[in-house]
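Heads up, the thing below is written out as structure tokens.
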Amino acid sequence: MVGLVIVSHSTKIAEGVVEMSKQMADGAKMIAAGGTSDMRIGTDAFKISEGIQSVYSDDGVLILFDLGSAYMNTEMAKEFLDPESYNLDIIEPVDCALVEGAITAAVESFLGKSREEIKASLKDLSLNKMP
């Protein structure tokens, strides 16, 4: 099952998006990685990296995020991972509307769709946040 990491500048928003998504797909493998380590508004590459590790599988990990600046910390988070333990090529940020994308990704992941199939579904929800 593809793992999902939900990154928001707000801890509460990330947790709420995960909670809402799990209403639709309770068995989805997903985690909230919102806010900073000291619970402030912002994003934290270490927190995102820990999230990736917790949902990682050979099926891959998709990272959904709220604002463009979260993309930078998402990319930095991958640098903290050991490439001998994690296939970095299957860990990808996805540019899409956070809530709609998370629900869609959770359902499709739970149904066994591949990383590429899920990304294709999320393409229509793109907000063009990534550089």
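Just so you know, these numbers come straight off a predicted model, no measurement behind them. We use all heavy atoms of the structure for the numbers below, so side chains are in, but hydrogens, waters and symmetry mates are not.
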> Do Ile90 and Tyr56 pass the side chain to side chain contact (heavy atoms under 4.5 Å, CB included) test, and can you show the C-alpha distance, the side-chain angles, and the key distance before you say yes or no?
Replying inline: CA-CA 9 Å; Ile90 62 172; Tyr56 182 85; 3.6 Å; yes

>> As a quick check of understanding, evaluate side chain to side chain contact (heavy atoms under 4.5 Å, CB included) for Ile41 and Ser10, giving each step before the final call.
In response: CA-CA 5 Å; Ile41 296 293; Ser10 165; 4.1 Å; yes

> What's the verdict on side chain to side chain contact (heavy atoms under 4.5 Å, CB included) for Glu92 and Lys78, showing C-alpha distance, side-chain angles and the deciding distance?
Replying inline: CA-CA 9 Å; Glu92 304 176 77; Lys78 289 174 59 175; 5.6 Å; no

> Please walk me through it: do Gln53 and Leu81 pass side chain to side chain contact (heavy atoms under 4.5 Å, CB included)?
Replying inline: CA-CA 8 Å; Gln53 293 172 55; Leu81 300 172; 3.5 Å; yes

>> Does Lys12 form a salt bridge (Lys or Arg N to Asp or Glu O under 4.0 Å) with Glu15? I'd like the steps, not just the answer.
In response: CA-CA 5 Å; Lys12 291 178 182 179; Glu15 290 171 350; over 6 Å; no

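For the residue pair Val5 and Ala33, the shortest heavy atom distance occurs at CG1-CB, 3.8 Å. In terms of heavy atoms, Gly101 sits closest to Leu64 at C-CD2, 3.4 Å.
Formation of a donor-acceptor pair under 3.5 Å by the Ser21 side chain with backbone atoms of Val17 is found in this model. A donor-acceptor pair is defined here as one N or O able to donate and one able to accept, closer than 3.5 Å; such a pair exists between the side chain of Ser54 and the backbone of Gly51. Within the 3.5 Å criterion, the main-chain N or O of Leu98 finds no donor-acceptor partner in the side chain of Asp66. Thr11 contributes a side-chain N or O that, together with a main-chain N or O of Gly34, makes up a donor-acceptor pair within less than 3.5 Å. Checked by atom type and distance alone, the side chain of Ser57 pairs as donor or acceptor with a backbone atom of Met1 at under 3.5 Å.
Phe46 CZ: 12 or fewer foreign heavy atoms inside a 6.0 Å radius.
With side-chain heavy atoms closer than 4.5 Å counting as contact, directly or through intermediates, Met72 stands alone and belongs to no larger hydrophobic cluster.
Considering Leu62, Thr74, Ile63 in turn, Ile63 is the only one that fulfils the side-chain contact (heavy atoms from CB on, under 4.5 Å) rule with Ile91.
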